[in-house]
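One structure is given below, encoded as structure tokens.
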Amino acid sequence: MMNAHEYAIQANGSFALPDACFKVKSLMEDENSTIEDFANVISVDPSMTSRLLQIANSAIYSFPGEISTISRAITIIGTQAIYNMMLVDVAASAFKHFSNQAIDLKRFWRMSVFCGLATKNLAIKSGIRDIERLFVAGLLQNFGELIVAKISPEIAKECEGYSPEKLPWQLQHELLGFSYTDVSAELLKIWQIPEKIILPIRHYNEAHTIQINKDVKVLYLASRLALVDSHPETFNYDDTIDESLCKSLAISTDDLNAAADFASQEAANILQIMDAKLFTR
């Protein structure tokens, strides 16, 4: 049996992170870098440029149709968010690269995007700063599922047999010895994604231990909302959502409903932006 790290290494061998991501990350770490430096890296990549302008002009940033230059887009959105967007862009390409018939891709896409949006929304409610990174964490947390589906399709198919009695991550542990999020965390580490994005993914099934930070709890709750959203006939809030966690974040049932509604509506927009028209419902 392969472990989570071995799956991640195999995935990295067939799909590596583009150079532009590493360049932007090193610019972020250099306090002398300018907006122009960022613009120069991004402008070399036409698809990244068009995606960036599309997102800057989307409803997410409430500047519909007004932003025409890369440097203006970067000024408005900020370099951290630009980097996160590049990760979303990479995710979109990687999702396509790893897509196959072993799992229900519609469900995978919907859950990933929904989870990202719900994480972001709950992060705002619980007073977390720098919420964009949590959107990325939510979006990428289940990336490991695609990798396992590509490398071991028969196991991935079995892992889809989850139920209220055996939740997805419990079934994954039973069949693989680890969960999909473990594979995601290993791959993101190889890709040198910032640790604060990886941390909640690595620990989110341990959200009950008190010392775990807010990011982990928020991602945990969002992933449960995504499960209920994708299988409303099988799962419901009462069985899936842990009230003590909500209390510790001061999140009410109304907040959860609002986060789910927000994620549900915005998922359609984001799936379009990510050029996932093939998979939208």
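Quick caveat, the model's predicted, so the values are computed rather than measured. Just so you know, these numbers use all the heavy atoms, side chains as well, and skip hydrogens, waters and symmetry mates.
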Is a side-chain donor-acceptor pair under 3.5 Å present for Asp261 with Ser264?
no
One thing to verify: whether Glu174 and Lys166 come together as a salt bridge, which I'm taking to mean a side-chain N less than 4.0 angstrom from a carboxylate O.
yes
Within the structure provided, determine whether Leu225 and Phe235 are in side-chain contact (heavy-atom separation under 4.5 Å).
no
Ile103 to Ala156 - nearest heavy-atom pair and separation:
CG2-CB, 3.9 Å
Kindly say whether Phe135 contributes a backbone atom to a donor-acceptor pair with the side chain of Thr119 at under 3.5 angstrom?
no
Could you check whether any side-chain heavy atom of Cys115 comes within less than 4.5 Å of a side-chain heavy atom of Leu139, counting everything from C-beta outward?
no
Is it true that Arg202 and Asp182 have a side-chain N and a carboxylate O under 4.0 angstrom from each other?
no
Within residues 133-148 or reaching into it, pairs that qualify as side chain to side chain donor-acceptor pair (under 3.5 Å) - sequence neighbours excluded
Arg107-Glu145, Asp130-Arg133, Arg133-Asp215, Asn142-Glu145
Would you say Val148 and Cys159 make side-chain contact, with heavy atoms under 4.5 Å?
no
Honestly curious: do Val44 and Ile42 fall in one hydrophobic cluster under the side-chain, below-4.5 Å linking rule?
no
For the pair Ser248 (side chain) and Leu245 (backbone), establish whether a donor and an acceptor sit closer than 3.5 Å, ignoring hydrogens and angles.
yes
Under a 4.5 Å cut-off applied to non-hydrogen side-chain atoms, are Tyr162 and Leu167 in contact?
no
Do the side chains of Ser68 and Leu53 get nearer than 4.5 Å, heavy atoms only?
no
Restricting to non-hydrogen atoms, name the atom on Ala222 and the atom on Leu122 that form the minimum distance, rounded to 0.1 Å.
N-CD1, 4.0 Å
Test item: Ile198 and Lys189 side chains (from C-beta on) under 4.5 Å apart, heavy atoms:
yes
Contact summary for His203 and Val216, nearest pair of heavy atoms
O-CG1, 3.4 Å
Just by modelled atom types, is the Phe143 backbone N or O under 3.5 Å from a matching donor or acceptor in the Ser184 side chain?
yes
Indicate yes or no: at least one non-hydrogen side-chain atom of Glu266 is less than 4.5 angstrom from one of Leu117.
yes
